[in-house]
Amino acid sequence: MTADVAVETTPEIPLWNDPDRPVAARVDALIGAMTLDEKIAQLYGVWVGASANGGEVAPHQHDMEEAVDLDALLPAGLGQLTRPFGTAPVDPALGALSLLRTQSRIASAGRFGIPAVAHEECLAGFAAWGATAYPVPLSWGATFDPDVVRRMATAIGRDMRSVGVHQGLAPVLDVVRDARWGRVEETIGEDPYLVGTIGTAYVQGLESAGIVATLKHFVGYSASRAGRNLAPAPMGPRERADVLLPPFEMAIREGGARSVMSSYTDTDGIPAAADESLLTGLLRDTWGFDGTVVADYFGIAFLKTLHGVAGDWAEAAGAALKAGLDVELPTVKTFGAPLAEAVADGRVPESVIDRALRRVLSQKAELGLLDPAWSPVPPALEGVDLDDPEALRGRVDLDRPENRELAREIAEKAVVLLANDGTLPLARPRRIALVGPNAAEATAVLGCYSFPQHVGVQHPDVPVGIDLPTLRDTLAAEFPDADITVARGTGVDDGDLSGIGEAVDAARDADVVIAVLGDRAGLFGRGTSGEGCDAESLALPGAQQHLLDALLDSGRPVVTVLLAGRPYALGRAVDGSAAIVQSFFPGVAGTQAIAGVISGRTSPSGRLPVSVPRGPGSQPTTYLGARLAQASEVSNIDPTPAFGFGHGLTYTAFAWNDLAVDAEQASTEGEFTLSLTVRNTGERSGTEVVQLYLHDPVASVVQPVQRLVGYTRVELEPGEARRLRVTVPADVASFTGRDGRRVVEPGELELRIAASSTDTRLTATVTLTGPQRQVDHTRRLHAVFTQEPGPQASA
């Protein structure tokens, strides 16, 4: 069916193709010219894989979907191409050629010449064969450095854009609520402010490169009961508003994200993919978001199969569209024939299709996909001969030296030194026993959304595509004069005890033992960390704790190194290790970063984005707990962490002093200004991470004991000092009150300047005066730090 409207054109070009006309006018004209089938076709994707020889893509056969007939679909058009590079190993240049040819086919098949939006995963780098695998988001959080994350995202976006990709499915802005959840490695941490600031920086970088950033998962996915993937999320409205929503709010307002992915979650019986109050009321009407909402893979079909709120595919499609969801991913299921039939019989109004279509086409116009000058040739293939595909092989480098250098910088900044009795940095050891399942495992640095672990494992005969030195390799380079003996001891999760004796013998013959433990990333139970790889407890997987305890009994100093996707309880090793080094899947340069910290070539500066539990069974817990969540005499379970959020040691020492408060009172509309001096009192350069926590002693609703409201990295040479000033607006003290509105209440507050959530160094007691004040999404979000040279050290 075609809408009966007049379409304005010029002799040369249809209005919708005219880049000099307003986007809204172009889109309205195009919608008016489209049939119902052409409209619906723009609202779904097809999952494809690029051709290994540069030919057109082929539909991906997935066990959750029927086969797709592209010849039948394409005359009506196509909204999205799902993961052409991220479905199978393909040389990047030939993948770009395959995408080019497919886009040409899509544009020529339909009446309006509209290409598809191509999207890819980019959670820890562009998920394509041969692309740099950066540290996982949990390592981004450990850097406490938005700038380096912004630069990384820009580099990732440039690589994606160079081969014809338009949209990236990242970042994950879920806040960790239970570390047993398998997708902890994909998150940035357990604090909403850290997640928001780091995630927003990632969005800014990706968008600056021309890639549409997609915020996921909106909202509450990480609050699942018992840490199980895709489980009910028993969160109340205040937890959702004050813990889980702020990172999305910040990334939209300050990051400029142009897409949001709905969560699989249902909250109090309402699935996110069918929640009109969330996807339209809050996201669009309140926050003013004008981008696209895309479904998490198969999420619309799940309204029927998992949630049971739709009786058939058409009802699921109608519920999602009415709620405000625009695009079905990864492939067509409910938005195809079932939706067209539902419109025809009056069950779904065409107006909700037009509403979603307007947002989709507006985004395509912004991307230049409606312009007459649009070309399917991506930047990487401009000016080259496309008639000889084999000559293109190896032409596109997605793992350039500058990428790896940036990956190294992030990995180094993310290494967290949890404990150290002075053993580190190692001073030219003669004999090293390198023990553990991750000591000589190249892929131990990769998360589950890295291409090798996500896709490559299904193609064991294909080379991994990137250089992944093991920790054995990098320690041998770091300590060329040392005799390094390697013993596996046990597997990551096989429970095998047979190799522990050999490992202990190696330890007893060494000057120092480096025990390399942790996870193997995978999907849906094929690993110990990753999507669908949830943990029953936070004990080390398999027999790794048995191995660690045996090494501690060897009588030699043990440096415990974790290559993991979540924090683990370490038992006796918390107090018995000579040192503990934590790294969260640090990517291609991860083992060099760890070796550099062990040798002292680099000074550790990472801080924990998640607390490390003292016992394996104290979940769910985070540092954001209220008073009732703390240790008490009425429960035998002590949730006090072994190492708290924000903790991390260095190889130097810092003194914090001279706290000054400009005014101890301010109105509920005002702000406080604090200043302090931080000095490096040690003998080598180092980085201190100054954290600001807010404690509200008396509030109208229960509050966490403290929460992060600001932070800054301070890099200092020996003897150097820096004067820090921090402006703290009253708005950061806001919370969701009893009536569901966000308020700033008068009363006393504590501003805790701290090295971690468990290490407060200076405290200022201040008071907010005046009436209670209501605030909204336009409130001030940050306590802002500035740094100035500090007083010189006395002679």
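Numbers for residues simply follow the sequence, beginning at 1. It should be emphasised that the depicted structure is a prediction, and the values quoted were computed from it without experimental measurement.
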Requested in this report: For Glu56 and Thr102, run side chain to side chain donor-acceptor pair (under 3.5 Å): C-alpha distance rounded to whole Å, both residues' side-chain angles, the deciding distance at 0.1 Å, then the answer.
Outcome: CA-CA 5 Å; Glu56 292 180 6; Thr102 303; 5.2 Å; no
Requested in this report: Given side chain to side chain donor-acceptor pair (under 3.5 Å), test Gln167 with Thr214 step by step and report yes or no.
Outcome: CA-CA 7 Å; Gln167 183 167 357; Thr214 307; 2.9 Å; yes
**Report entry** Test side-chain contact (heavy atoms from CB on, under 4.5 Å) applied to Val90 and Phe85, step by step
**Finding:** CA-CA 7 Å; Val90 174; Phe85 290 88; 5.9 Å; no
Report task. Mind running side chain to side chain donor-acceptor pair (under 3.5 Å) on Asp37 and Thr35 for me, showing each step along the way? Result -> CA-CA 5 Å; Asp37 287 342; Thr35 66; 5.5 Å; no
Query raised in the report: Please walk me through it: do Leu73 and Tyr44 pass side-chain contact (heavy atoms from CB on, under 4.5 Å)?
Result: CA-CA 11 Å; Leu73 289 179; Tyr44 57 71; 3.5 Å; yes
Query - Glu315 vs Arg347, salt bridge (charged side-chain N to carboxylate O under 4.0 Å, His left out): CA-CA, chis, key distance, verdict - result: CA-CA 8 Å; Glu315 190 176 350; Arg347 285 187 292 162; 5.8 Å; no
Query - Pair Asn53-Leu94, side-chain contact (heavy atoms from CB on, under 4.5 Å): steps then yes or no - result: CA-CA 6 Å; Asn53 59 17; Leu94 295 178; 5.6 Å; no
Query - side-chain contact (heavy atoms from CB on, under 4.5 Å) assessment of Leu392 paired with Leu386 - result: CA-CA 8 Å; Leu392 295 177; Leu386 303 180; 4.3 Å; yes
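At a threshold of 4.0 Å, the pair Asp371-Arg26 counts as salt-bridged, since one of the basic side-chain nitrogens sits closer than that to a carboxylate oxygen. Salt-bridge formation is detected for the pair Asp326/Arg284: a Lys NZ or Arg NE/NH1/NH2 atom is positioned less than 4.0 Å from an Asp or Glu carboxylate oxygen. Taking the charged nitrogens against the carboxylate oxygens, Glu350 and Lys39 do have a contact shorter than 4.0 Å, which makes a salt bridge. A salt bridge is absent between Asp290 and Arg258: the closest approach of a Lys/Arg side-chain nitrogen to an acidic carboxylate oxygen does not fall below 4.0 angstrom. A salt bridge does not link Glu328 to Lys333: none of the charged nitrogens lies less than 4.0 Å from a carboxylate oxygen.
Residues Gln42 and Val117 form no side-chain contact, since every pair of their non-hydrogen atoms from C-beta on lies 4.5 Å or further apart. Side-chain contact check for His60 versus Thr82: every heavy-atom pair is 4.5 Å or farther apart. A 4.5 Å side-chain heavy-atom check between Leu329 and Gln80 finds at least one atom pair inside the cut-off. No side-chain heavy atom of Trp16 sits under 4.5 Å from any side-chain heavy atom of Ile31. Counting heavy atoms from C-beta on, the side chains of Val27 and Lys364 never come closer than 4.5 Å. By the 4.5 Å heavy-atom criterion applied to side chains, Val48 and Thr331 are not counted as neighbours.
Note: Leu279 CG to Leu325 CG = 6.0 Å, rounded to the nearest 0.5 Å. Leu361 contributes atom CG, which lies 10.0 Å from atom CZ of Phe112 (distance to the nearest 0.5 angstrom). Rounding to the nearest 0.5 Å places CZ of Arg158 at 6.5 Å from OG of Ser208. Note that CG of Asp159 is 6.5 Å distant from OG1 of Thr132, once rounded to the nearest 0.5 Å. The distance from atom NZ of Lys304 to atom CG of Leu306, rounded to the nearest 0.5 Å, is 10.5 Å. With rounding to the nearest 0.5 angstrom, the CG atom of Leu278 is 4.0 Å from the CZ atom of Phe218.
Minimum interatomic distance between Ala231 and Ser224 (heavy atoms only, all atoms of both residues): O-CB, 3.8 Å. The shortest heavy-atom contact between Ile156 and Cys122 is CG2-CB, 3.9 Å. Minimum heavy-atom separation, Trp374 to Gly368: CB-O, 3.6 Å. When all heavy atoms of Ala274 and Ala323 are compared, the pair lying nearest together is C-CB, 3.5 Å. Scanning both residues, Val462 and Pro89, for their nearest heavy atoms gives CG1-CB, 3.8 Å. What you find for Val332 and Val68 is that their closest heavy atoms are CG1-CG2, 4.4 Å.
Exactly one of Glu531, Glu121, Glu186 qualifies for a salt bridge (charged side-chain N to carboxylate O under 4.0 Å, His left out) with Lys216. That residue is Glu121. The one candidate from Ile252, Leu173, Val294 that meets the side-chain contact (heavy atoms from CB on, under 4.5 Å) condition with Val260 is Ile252. When each of Asp71, Val57, Leu100, Leu78 is paired with Arg105, the side-chain contact (heavy atoms from CB on, under 4.5 Å) condition holds for Asp71 and for no other.
A donor-acceptor pair under 3.5 Å is formed between the side chain of Thr286 and the backbone N or O of Gly281. Judged by distance alone, the side chain of Thr87 and the main-chain N or O of Pro84 form no donor-acceptor pair under 3.5 Å. One N or O on the side chain of Ser98 and one on the backbone of Gly55 form a donor-acceptor pair closer than 3.5 Å. Judged by distance alone, with hydrogens and angles left aside, the side-chain atoms of Arg240 form no donor-acceptor pair with the main-chain N or O of Val219 at under 3.5 Å. Judged purely by atom type and a 3.5 angstrom limit, His454 uses its side chain to pair as donor or acceptor with the backbone of Cys448. No donor-acceptor pair under 3.5 Å is formed between the side chain of Glu120 and the backbone N or O of Leu169.
Between the side chains of Thr292 and Gln363, at least one donor N or O lies within less than 3.5 Å of an accepting N or O.
For Trp140 and Tyr202, the gap between ring centers is short of 6.0 Å. Tyr221 and Trp181 have their aromatic ring centers within a separation under 6.0 angstrom. Aromatic rings from Tyr297 and Trp47 are positioned such that their centres are separated by under 6.0 Å.
Heavy atoms from other residues, nucleotides or ligands lying under 6.0 Å from CG of Asp268 number 12 at most. Taking a 6.0 Å sphere around CZ of Arg228, one finds it holds 12 or fewer heavy atoms contributed by other residues, nucleotides or ligands.
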